[in-house]
Amino acid sequence: MDRLDPHSTHGSPDPLRGGGQGEFAGGAPAGTFDPWRYRDTASVADADLVGYKVEATDGGIGKIDSASHEVNGSYLVVDTGPWIFGRKVMIPAGTVNHVDHDEREVHVDRSKDQIKAAPEYDETADTDPTYRDRLGGYYGETYSAIPPGTAR
């Protein structure tokens with residue numbers, strides 16, 4: 001399966017979406033990162049991802065404990081098991097590169113170190129706008145650090 005170039009457009013404008021307010025089908029315009037929306041090309045399509053393994057760019061990080069398909073608020077909660085001392089991490093949907101349903105794997109375009117350094121997951125704060133802004137900002141910064149033209 002081809003990997004996506006994170007610096008390319010993952011959708012095209014659809015004037016009928018978002019009431020014609022400039023929302024883009026499949027994600028944000030080129031050069032921006034929308035942490036809370038799955039890419040159209042990720043093959044998620046409201047699939048139940050609970051129990052799928054999660055693969056970072058440099059290896060496995062754990063299994064999905066819960067997943068949200070909330071419009072403009074989708075995310076994965078990954079149980080990292082012994083990898084980070086049993087810690088759970090919340091990963092915004094925009095980091096999902098692709099899903100392999102046959103292998104039951106979700107591939108994200110971040111490294112283990114980037115995920116490990118993310119803000120601590122707080123089960124009581126997953127709907128808190130301040131927490132989501134901080135987490136989305138962190139992953140947005142790691143997204144801009146990916147060199148242009150690097151396929152992930």
Side-chain angles (χ1 to χ4, degrees), residues 3-7 9-11 17-19 21-101 103-147 150-152:
R3 300 281 176 130
L4 298 176
D5 180 345
H7 295 285
T9 303
H10 300 301
R17 291 196 47 157
Q21 300 300 310
E23 184 177 332
F24 284 78
T32 61
F33 171 69
D34 185 351
W36 305 110
R37 291 181 63 184
Y38 291 106
R39 302 169 192 170
D40 284 343
T41 55
S43 299
V44 175
D46 295 329
D48 182 8
L49 301 175
V50 173
Y52 278 42
K53 294 178 279 181
V54 180
E55 293 288 324
T57 58
D58 55 353
I61 64 164
K63 288 190 176 185
I64 297 174
D65 191 50
S66 65
S68 164
H69 293 287
E70 179 183 326
V71 174
N72 296 323
S74 299
Y75 60 88
L76 305 173
V77 174
V78 179
D79 184 345
T80 63
W83 176 60
I84 319 179
F85 307 111
R87 182 176 140 199
K88 290 184 180 181
V89 294
M90 184 170 164
I91 302 175
T95 64
V96 175
N97 189 345
H98 70 279
V99 177
D100 182 336
H101 294 286
E103 296 294 323
R104 296 182 48 85
E105 291 179 344
V106 173
H107 295 261
V108 296
D109 62 3
R110 298 304 191 279
S111 71
K112 288 174 145 184
D113 284 343
Q114 288 172 318
I115 293 167
K116 190 174 184 177
E120 182 98 16
Y121 174 60
D122 179 355
E123 292 181 29
T124 63
D126 62 356
T127 58
D128 177 33
T130 303
Y131 173 72
R132 283 181 170 248
D133 286 347
R134 190 169 56 124
L135 188 64
Y138 169 79
Y139 280 102
E141 288 173 12
T142 62
Y143 183 80
S144 63
I146 297 172
T150 303
R152 297 279 182 181

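One distance of note links OH of Tyr75 with CG of Leu135; it measures 11.0 Å at 0.5 Å rounding. If you take CD on Glu105 and NE2 on His98, they are separated by 8.0 Å, rounding to the nearest 0.5 Å. The structure places CG of Asp65 at 12.5 Å from CG of Leu49, a figure rounded to the nearest 0.5 Å. The distance from the OH atom of Tyr121 to the CD1 atom of Ile91 is 11.5 Å, given to the nearest 0.5 Å. Note that the OG atom of Ser43 and the OH atom of Tyr38 stand 12.5 Å from one another [nearest 0.5 Å]. One finds the CD1 atom of Ile115 at 8.0 Å from the OH atom of Tyr138 (value rounded to the nearest 0.5 Å).
For Pro92 against Pro35, the heavy-atom pair with the smallest separation is CB-O, 2.9 Å. Counting all heavy atoms, side chain and backbone alike, Ser66 lies closest to Val50 at CA-CG2, 4.0 Å. Across all their heavy atoms, Tyr131 and Pro119 have their closest contact at OH-O, 4.1 Å. Of all heavy-atom pairs spanning Trp36 and Gly136, the tightest one is CZ2-N, 3.9 Å. Contact detail for Asp100 and Tyr52: the closest heavy-atom pair is O-CE2, 4.3 Å. The two atoms that bring Arg110 and Gln114 nearest to each other are CA-OE1, 3.3 Å, heavy atoms only.
Considering only residues two or more places apart in sequence or on other chains, His69 meets the side-chain hydrogen bond (donor to acceptor under 3.5 Å, both in side chains) condition with none of them.
Side chain of Thr80 to backbone of Arg87: a donor-acceptor contact under 3.5 angstrom is found. Within the 3.5 Å criterion, the main-chain N or O of Gly94 finds a donor-acceptor partner in the side chain of Arg39. Panel note: side chain Glu55, backbone Gly60; a donor-acceptor pair is recorded below 3.5 Å.
Other residues, nucleotides and ligands contribute over 12 non-hydrogen atoms within 6.0 Å of the NZ atom of Lys112.
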